[in-house]
Amino acid sequence: MRIEAVPGDITRQQVDAIVNAANSSLLGGGGVDGAIHRAAGPRLLADCRRVRREKYPAGLPTGDAVATGAGDLAARAVIHTVGPVHAQHPDDGSDLLASCHRRCLEVAEELALQSIAFPAISCGAYGWRATEAAPIAIEAVRRYAAECPQSTIEVVRFVLLDHDARRAFASALE
Ligand code: AR6
């Protein structure tokens, strides 16, 4: 499994799965969630509504992940996850952030996907410093790779829009 960090807009990535830093409603929002829904078009929202109805009537729990189609995006799937809000999880925030990454990889694996792109989950509206979140994210992926050497996933790419996140993920990867 190759882990990389690149600058850019995640909606433009040529990968099998794009991870959305969603909220538990799964019905859209700002930040990367808004960008993904705008780029994917109305089919993504329709898929999200169906997932809510059929699987998560009370919303997707923090730290969990679920896949939908990707609408107009080049990807095959969007994997939605809900990061912890920094201020609301003083004790278990790191575990929940690690769980987001692990669950996204498990969901991608269930779909036999080979490449997945993550944004800097929780590093925007949810208030995490990238310097704090990046080592947790990278470590969660490395642990998954070590525990699942037969994984179908070959490439895990962090796609980072802002300068702080780029620096933090590059340094966590070193
Ligand atoms: N490509 C890559 N990264 C992006 C993009 C993009 N197109 N747009 C923003 N980012 P955030 P969160 C970066 O706030 O903190 C939403 O309203 C951004 O610079 O999108 O998990 C949801 O609906 C930051 O580094 O996600 C939730 O309510 C990172 O993505 C809430 O925000 C995450 O910022 C989730 O908050």
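Read the numbers this way: they start at 1 and go in the same order the structure lists the ligands and their atoms. Owing to the predicted nature of the structure, the values given are computational and were not obtained by experimental measurement. Values reported hereafter were calculated over all heavy atoms of this structure, with side chains retained and with hydrogens, waters and symmetry mates removed.
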- prompt: Taking atom 24 (C) of ligand 1 as the point of reference, which of Asp162, Leu160, Asn23, Asp164 owns the nearest heavy atom?
  reply: Asp162
Salt bridge present between Glu139 and Arg142 (N-O < 4.0 angstrom): no
- prompt: Name the one of Asn20, Leu26, Val107 that satisfies side chain to side chain contact (heavy atoms under 4.5 Å, CB included) with Val66?
  reply: Leu26
field: Salt bridge present between Arg102 and Glu147 (N-O < 4.0 angstrom)
entry: yes
message: I need the full list of salt bridge (charged side-chain N to carboxylate O under 4.0 Å, His left out) pairs touching residues 158-174, with sequence neighbours left out, sorted by first then second residue.
response: none
task: Return yes or no for this condition: an N or O of Ala21 is under 3.5 Å from an N or O of ligand 1.
output: no
query: Just by distance, with hydrogens left out, do Gln114 and Thr152 show a side-chain donor and acceptor under 3.5 Å apart?
result: no
- line: Near Asp33 (heavy-atom distance under 4.0 Å), the atoms of ligand 1 are 22 (C), 23 (O)
Gly127 touching ligand 1 at heavy-atom level, < 4.0 angstrom: no
message: Measuring centre to centre across the rings, with the benzene-like ring taken for any Trp, is His101 within less than 6.0 Å of Phe118?
response: yes
message: Considering Ala120, Ser24, Ala39 one by one, which has a heavy atom nearer to atom 33 (C) of ligand 1 than any of the others?
response: Ala120
- request: Could you tell me whether Val159 approaches ligand 1 through its side chain, its backbone, both or neither, with non-hydrogen atoms closer than 4.0 Å?
  value: backbone
field: Among Thr81, Val156, Asp64, side chain to side chain contact (heavy atoms under 4.5 Å, CB included) partner for Cys104
entry: Thr81
query: Near Gly8, which atoms of ligand 1 are under 4.0 Å from a heavy atom of that residue?
result: 1 (N), 2 (C)
field: Heavy-atom proximity to atom 21 (O) of ligand 1, best of Ser122, Gly124, Gly83
entry: Ser122
- prompt: Could an N or O of ligand 1 be found under 3.5 Å from any N or O of Ile10, whether backbone or side chain?
  reply: yes
- prompt: Considering distance alone, does some N or O of Asp9 sit under 3.5 Å from an N or O of ligand 1?
  reply: yes
message: For Asp9, is there an ion pair with Arg12 - N to carboxylate O distance below 4.0 angstrom?
response: no
message: If you take the nearest heavy atom of each of Pro84, Gly30, Gly31, which one is closest to atom 16 (C) of ligand 1?
response: Gly30
